[in-house]
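Proteins get letters first, then strands, A, B, ... in listed order; numbering begins at 1 in each.
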Amino acid sequence: KKHTTAENYQPKKLVVEFNPSSNAGKMEARAKPLEKMLEQQLHIPVKVVVSTSGSSMVEALGSKTADVAFLAPTAYVLGHSNYGVKAILQATRYKYGPDATEDVTDVPTSTYLGEIVVRKNGKVKNLNDLKGKKIAIQDTTSTAGYIFPAVELEEHGINIHKNGIKTFTVKGADQGVLSVYNGNADAAFVFQGARKIAAKDDPNVMKDTSVLYKTKPIPNDTISVRKDMSPKWDKKIANAFQTIAKSKKGHQIIYEIYSHQGYVPVKDSDFNIVRTYLRKVGRLDE
Amino acid sequence: MGEETVLELKHVNKRYPNGVKGLDDINFTVHKGEFVAVVGLSGAGKSTLFNSINRMVDVTDGQVIVDGQDITQVNGKELRRMRRKIGMIFQSFNLVNRATVQKNVLAGRTGYYPTWKTLLGIYSKEDQQKAVAQLEKVNMVKKLYRRADQLSGGQKQRVAIARTLMQDPTLVLADEPVASLDPKTSKGVMDDLYNLKKYEHITVLVNLHSMELALKYADRIIGLRDGKLVYNKPIAEANEADLREVYEHGRDN
Amino acid sequence: MGEETVLELKHVNKRYPNGVKGLDDINFTVHKGEFVAVVGLSGAGKSTLFNSINRMVDVTDGQVIVDGQDITQVNGKELRRMRRKIGMIFQSFNLVNRATVQKNVLAGRTGYYPTWKTLLGIYSKEDQQKAVAQLEKVNMVKKLYRRADQLSGGQKQRVAIARTLMQDPTLVLADEPVASLDPKTSKGVMDDLYNLKKYEHITVLVNLHSMELALKYADRIIGLRDGKLVYNKPIAEANEADLREVYEHGRDN
Amino acid sequence: MKQEVPQLSFVRRFHVVGIAITVVILILIYYSALITGVDVNAFFENADQFGVVLNQMKHPDWPYLTKIAGTLAQTLQMAIIGTTIGAIIALPFSFLAARNIVRNPIGRLIIRLILSLIRTLPTLLLAALFVAIFGIGPMTGVITLAFFSFGMIAKLFYDFIETIDMGPVRALQATGATMLQTIRIAVIPQISGQFMSDFMYTLEINVRSSTVLGYLGAGGIGLYLQQTLDQFDYPRTAVIILAIFAVVLVIDAISNYVRKRLQ
Amino acid sequence: MNKTKTTALERFKWIVVALLVIFIYLWSINGIPFTGIQKSASSVSMAILKGIIHPEWSYVYNGSGEDLVSQLVITLAIAFLGTIISAFLSVPLAFLAAQTTKKFFHPRSTIGKVILTAIRAFPEVVLAILFIKMVGPGSFAGVLAIGVHSVGMLGKLFSEAIEEMDRSAETAIIAAGGSKIQTFRIATLPTILPALMSYTLYRFEISVRSASILGLVGAGGIGTPMMFALQTRDWSKTGIILLGIVLMVIVIDTCSSTIRKRLG
Ligand SMILES: Nc1ncnc2c1ncn2[C@@H]1O[C@H](COP(=O)(O)OP(=O)(O)OP(=O)(O)O)[C@@H](O)[C@H]1O
Ligand SMILES: Nc1ncnc2c1ncn2[C@@H]1O[C@H](COP(=O)(O)OP(=O)(O)OP(=O)(O)O)[C@@H](O)[C@H]1O
Ligand SMILES: [Mg+2]
Ligand SMILES: [Mg+2]
């Protein structure tokens with residue numbers, strides 16, 4: 001059995017799983033460039049695979065068939081409690097500007113925001129108007145698309161399971177925006193920047209919808225390693241990613257393929273807010 | 001039984017795409033009400049001949065004149081109208097196994113109905129009575145609502161005959177109607193065919209493997225070998241030794 | 001042609017699950033080298049009789065003694081050994097359509113091989129030569145490597161006969177071997193069967209629809225009606241009128 | 001008894017064609033294994049890991065059933081409507097694609113190509129395109145399923161039509177019937193049983209593929225499947241799988257019954 | 001007398017079945033909210049159309065090993081291996097599930113059928129996760145997931161082919177004294193092989209289709225880029241991928257119909 005508690009695993013070959021964050025405006029299924037650069041840094045063979053399911057990545061880390069994975073906040077939190085997955089880095093992205101155009105600034109940040117999008121000049125003028133309305137949400141594990149807005153609404157005295165609110169699940173924040181635009185929903189929980197994706201097909205989206213509310217900052221995706229990775233290697237891997245992000249060619253690659261700006265160190269406690277919200281969201285329907 | 005010509009073949013040739021000469025310059029005439037037996041080895045071209053007469057296969061050249069009209073020259077509606085007049089009885093019965101005897105017999109009437117009526121499965125009252133009458137002739141009325149696949153071989157053959165009669169044919173082609181039937185059933189079927197000729201003056205062409213039956217029922221015997229007409233004599237002139245000759249020297253065994 | 005008994009049926013009954021009495025107290029004896037024709041209406045029980053002899057169907061009661069041993073009492077390996085001695089020729093040939101003539105003929109030898117050799121498709125050199133020799137007898141050597149589905153009906157039947165001969169049978173059962181074959185091919189097949197008796201003293205039971213053939217080839221004629229043995233006479237005593245009687249008064253037409 | 005066995009041609013004696021095909025397949029397998037990184041060691045070394053998740057499914061969270069019941073019903077409804085629409089459209093096309101009914105090879109070829117394209121286009125792609133046009137919701141699911149069912153049933157069906165007994169067809173033509181009449185009288189009775197069986201089969205596939213449709217928000221049980229997986233709530237995943245299993249079992253039983261009845 | 005009675009009963013049964021079917025359809029239609037065409041439909045369709053008309057040609061091949069051609073090749077390789085695995089696994093299960101005698105209840109066949117149904121009911125997604133835990137993320141997990149998942153469907157098709165096969169050749173071998181295994185080798189296998197091959201080819205087509213699900217396991221193949229393109233509304237990329245798939249299907253179709261014809 002390979003179940004050891006000691007953190008002494010010295011990889012001879014690294015399997016890195018990568019899942020582009022769903023809140024990126026551009027995604028590419030490319031692994032090879034990163035693979036090459038990691039090999040240069042780590043001097044062991046590296047296999048980068050692009051996967052589209054967070055849960056499958058956590059399971060792979062759990063069974064130690066993968067060593068490193070880019071995990072979204074919820075996946076990380078669940079992976080940490082189930083399999084002792086360790087976060088070593090966090091991705092940074094350019095912040096969105098505060099105005100309605102939602103253009104990006106050039107300030108990197110390790111967090112992002114959730115939004116509640118409504119029709120401009122529609123029936124919903126403030127949070128209280130959401131009572132009795134139809135809301136398009138993402139999966140119940142999505143931070144920006146469900147957990148954060150739902151919990152914060154509760155803090156404003158609106159319970160998404162009560163107050164006559166009807167929710168329906170859509171796939172993709174762009175679909176959330178479009179269902180508001182098309183009048184299928186009165187509001188949608190999405191990540192910041194979703195309106196711009198939808199506007200690619202129909203520019204009127206920017207004009208006809210507006211942002212009613214922005215959530216507290218949500219931590220960005222992590223780079224996590226399996227539980228038994230030795231601290232020495234934790235550091236080696238973290239260094240490797242950071243070095244790559246800083247080099248000119250490396251930065252270009254992580255930006256073009258993954259929309260990342262760089263990587264910063266991260267503590268497990270940075271995710272306490274996600275844990276708290278997860279707990280709260282689970283109690284909403286009690 | 002007049003001398004009126006019902007069927008006339010003139011220089012009929014049929015070459016299959018693979019080069020086999022199915023029919024090779026066939027010429028003969030059949031009069032109204034004649035009962036003609038066609039004999040020949042396996043592969044001699046008997047089925048090809050029958051299929052050419054109702055144009056289930058297209059002849060390569062020559063004329064096939066049925067009731068004064070060349071069937072090789074017509075098409076579409078007119079072809080269907082001509083086929084309606086030619087009843088075909090297949091060796092393998094070709095009943096719709098999953099339909100009842102009644103439905104199978106009525107199917108013979110299809111050529112007289114517009115398509116939409118068929119699609120809805122509508123048949124007139126007269127035709128339903130006619131179907132019973134035809135089954136009466138072959139002694140099969142009691143099986144009217146049986147499914148065809150529950151019948152014995154001889155019974156199926158009789159249903160096929162009744163179906164053909166529904167067409168009001170002037171000419172009946174029967175391709176090996178009694179092969180693999182036991183002698184008693186064979187006799188029944190041959191008698192049924194003979195009655196067509198006798199009581200309704202329908203012209204009948206039968207393809208037979210049994211010379212005994214050919215000599216017993218036919219007015220005339222036509223022999224094929226390797227696609228060629230090698231024998232054509234009224235029954236009075238035919239004899240067994242003569243006929244045996246037809247079976248010799250075939251292309252292949 | 002001694003008086004040695006090859007086959008003996010004693011009080012054989014077969015009742016099908018649906019209640020039909022396929023065989024009803026059948027008793028008869030066949031001697032070595034006899035050529036026996038079995039006749040009867042469709043549904044009389046001829047196929048049931050043949051299938052009972054090599055135990056393709058289990059009889060309800062009675063004894064079927066083949067070469068001194070009761071086949072109804074044996075099982076497994078012993079049953080297979082007995083079946084090996086009984087060659088069966090089916091009306092529908094039952095060849096493996098996608099295999100060559102050679103493979104089909106060799107398949108008759110299966111009972112003599114251990115399973116693993118069969119799995120690997122190994123046959124001895126002698127058996128391969130034997131297969132050619134058998135095909136020679138039925139004049140089919142030139143089709144040795146043809147696939148069975150490319151043969152005509154008569155050719156298939158001859159391959160089936162060659163396959164049966166490979167078993168070195170002491171008893172051959174042929175179920176309607178010439179139905180739907182033309183007279184010439186029929187004659188060829190019947191001659192082949194007759195030669196088995198004549199040159200190899202193999203006992204042959206043939207189920208026939210043609211009385212003409214029965215009278216011509218058989219040493220003895222057995223008649224069935226509604227599962228009962230109603231006729232059993234050596235050829236010398238048999239006559240056609242007599243036989244016609246077998247076909248009357250059947251259960252159904 | 002000595003008899004020369006005639007020699008086969010070289011090509012057939014040494015099974016040249018058979019061996020060549022085998023070799024080609026082996027080469028393809030080899031390269032496919034190379035491309036896909038087949039690792040037999042990993043397969044056996046880690047065999048125990050296969051059971052880890054299954055183990056957690058051992059105790060299904062039965063009360064969850066009440067929560068998914070509505071969606072399960074919707075999954076079935078989508079499948080039934082989608083399959084029916086697809087089947088109705090498929091029927092005429094399968095006749096047009098059948099070699100023994102339509103003799104024009106070019107038209108047939110084009111129809112067949114379209115059909116196989118529809119069958120092969122990934123459900124996800126179809127669903128995503130339809131979502132873009134019809135928006136999120138079960139109706140999109142229905143349209144996607146109808147589209148796929150059309151391709152699938154038409155294919156299963158023209159394959160079957162090509163094997164029917166042509167005897168009755170020729171008999172009908174010989175009576176002077178038109179094509180449509182012939183199909184109605186001589187073909188339909190022969191194929192109705194198989195049609196039911198293919199229909200049920202496609203229905204079953206559609207019930208199962210709703211697990212994928214959910215991924216796109218096209219409705220159905222797939223949504224819950226993904227949620228339970230993302231939350232590592234395997235006891236609930238187990239309930240979903242068992243529910244699908246039950247539905248598939250019932251459909252399979254009905255289809256077997258119908259098949260036997262109509263034989 | 002007796003006869004009319006049974007017909008009445010039959011007719012009654014028929015009416016019950018018909019009512020049941022009507023009820024099921026009413027229930028189904030009732031459950032589907034028929035939403036109309038969306039406000040954004042025309043602009044979105046135009047965008048899609050524009051993208052598909054202007055495919056991103058640069059993606060076709062760029063030597064990186066992660067272009068359209070390479071991804072299609074990987075997809076084919078996964079589908080091919082998966083299909084081969086499932087074909088082998090299916091045969092024994094199919095024989096287990098085939099009901100070869102006409103009995104009312106048939107325990108062996110029932111067990112086999114339930115096993116096959118259980119395999120079919122297991123979603124590909126879940127299988128993929130099980131296999132990732134075993135062999136790690138990558139194409140191999142995808143091969144295994146497709147291989148096992150296909151067994152359910154292929155086994156069912158195979159078993160039905162076995163149930164409906166022509167048994168006459170088997171009869172002849174049994175009559176010649178062949179054992180069960182010998183009969184299988186000499187008569188059953190050659191008779192059933194073309195049907196099995198034809199279903200396997202057919203399953204291969206469907207496996208290519210399953211490739212989209214493989215993005216989950218990092219199997220590579222066309223599924224992942226396709227999903228990303230769809231999610232980010234990158235229609236020109238979707239367009240080129242669509243084109244690639246269409247071409248691939250045409251090639252597969254031509255090959256498989258050639259093979260099928262030769263099998264005939
Ligand atoms: N569709 C076809 N394509 C090519 N050749 C054919 C076709 N149909 C028949 N033939 C060939 O044409 C010749 C005549 O065939 P036909 O079926 O007319 O013979 P037949 O006299 O009816 O024989 P049988 O008594 O066996 O039915 C044969 O050599 C046969 O092989
Ligand atoms: N498997 C079966 N189950 C029930 N009844 C059967 C079965 N096989 C045959 N029978 C019945 O047993 C009787 C004898 O059938 P059998 O096949 O032996 O007749 P046959 O003399 O060979 O007829 P044919 O000349 O038509 O082949 C028939 O009434 C038939 O319906
Ligand atoms: Mg013929
Ligand atoms: Mg019989």
Side-chain angles (χ1 to χ4, degrees), chain B residues 47 50-51 53-57 76-100 103-123 147-149 156 159-160 163-169 172-173 175, chain D residues 87-96 98-106 108 157 160-200 255 257-263:
Chain B
S47 296
F50 280 29
N51 284 320
I53 293 174
N54 70 349
R55 186 110 173 258
M56 298 301 283
V57 308
K77 214 178 151 99
E78 188 56 21
L79 173 62
R80 290 203 296 276
R81 208 194 49 75
M82 286 188 74
R83 276 188 181 157
R84 213 161 75 181
K85 287 278 154 207
I86 308 171
M88 179 98 167
I89 299 170
F90 298 86
Q91 173 180 358
S92 44
F93 326 131
N94 289 358
L95 300 183
V96 181
N97 276 324
R98 300 171 45 77
T100 58
K103 286 266 150 58
N104 268 294
V105 175
L106 284 168
R109 203 75 198 151
T110 308
Y112 291 88
Y113 281 85
T115 301
W116 67 270
K117 276 200 181 171
T118 311
L119 290 183
L120 296 175
I122 297 174
Y123 291 98
R147 258 176 58 154
D149 54 8
K156 284 185 188 173
V159 173
R163 175 174 65 188
T164 301
L165 294 183
M166 285 300 280
Q167 289 176 237
D168 286 334
V172 166
L173 310 171
D175 194 1
Chain D
I88 290 171
I89 306 174
L91 204 53
F93 276 88
S94 51
F95 282 109
L96 294 178
R99 206 191 321 269
N100 50 351
I101 305 285
V102 171
R103 309 236 172 240
N104 175 2
I106 294 169
R108 201 171 60 223
F157 218 49
F160 184 74
I161 292 175
E162 289 185 351
T163 66
I164 62 166
D165 175 11
M166 287 302 281
V169 174
R170 304 208 311 125
L172 254 288
Q173 280 170 347
T175 67
T178 63
M179 197 66 213
L180 270 179
Q181 288 175 324
T182 308
I183 288 176
R184 166 69 178 80
I185 295 182
V187 182
I188 301 274
Q190 290 192 59
I191 59 178
S192 51
Q194 185 67 29
F195 184 69
M196 279 311 294
S197 160
D198 290 346
F199 177 85
M200 297 301 286
S255 133
Y257 176 77
V258 170
R259 218 160 54 86
K260 241 178 272 170
R261 269 303 296 272
L262 294 173
Q263 247 166 22

Show the nearest heavy-atom pair for residues B/R98 and D/S192, with the distance to one decimal. NH2-OG, 4.0 Å
Specify the closest pair of heavy atoms between B/M88 and D/A174, including all atoms of both residues, with the distance to one decimal. CB-CB, 4.0 Å
Part of D/L172 lying under 4.5 Å from any heavy atom of chain B: side chain
Sort B/R163 into side chain, backbone, both or neither according to what part of it lies under 4.5 angstrom from a heavy atom of chain D. side chain
Drop me the distance from B/T110's OG1 to D/Q173's CD, to the nearest 0.5 angstrom. 11.5 Å
Do D/T175 and B/R84 have side chains that get closer than 4.5 Å, going by heavy atoms? no
Looking at B/L79, B/I89, B/L119, which makes the most heavy-atom pairs under 4.5 Å with chain D? B/L119
Please say whether more than 12 non-hydrogen atoms of neighbouring residues, nucleotides or ligands are located less than 6.0 Å from CZ in B/F90. yes
Toward chain D, the part of B/N51 with a non-hydrogen atom under 4.5 Å: side chain
Bottom line for B/P169: the part with an atom under 4.5 Å from chain D's heavy atoms is neither
Heaviest contributor of heavy-atom pairs below 4.5 Å to chain D, chosen from B/N97, B/V96, B/N94, is B/N94
Count the heavy atoms belonging to other residues, nucleotides or ligands that lie under 6.0 Å from CG of B/L120, then report whether that count exceeds 12. yes
Name the region of B/Y113, side chain, backbone, both or neither, that has any atom closer than 4.5 Å to a heavy atom of chain D. both
Answer yes or no: is there a side-chain heavy-atom contact under 4.5 Å between B/K103 and D/I185? no
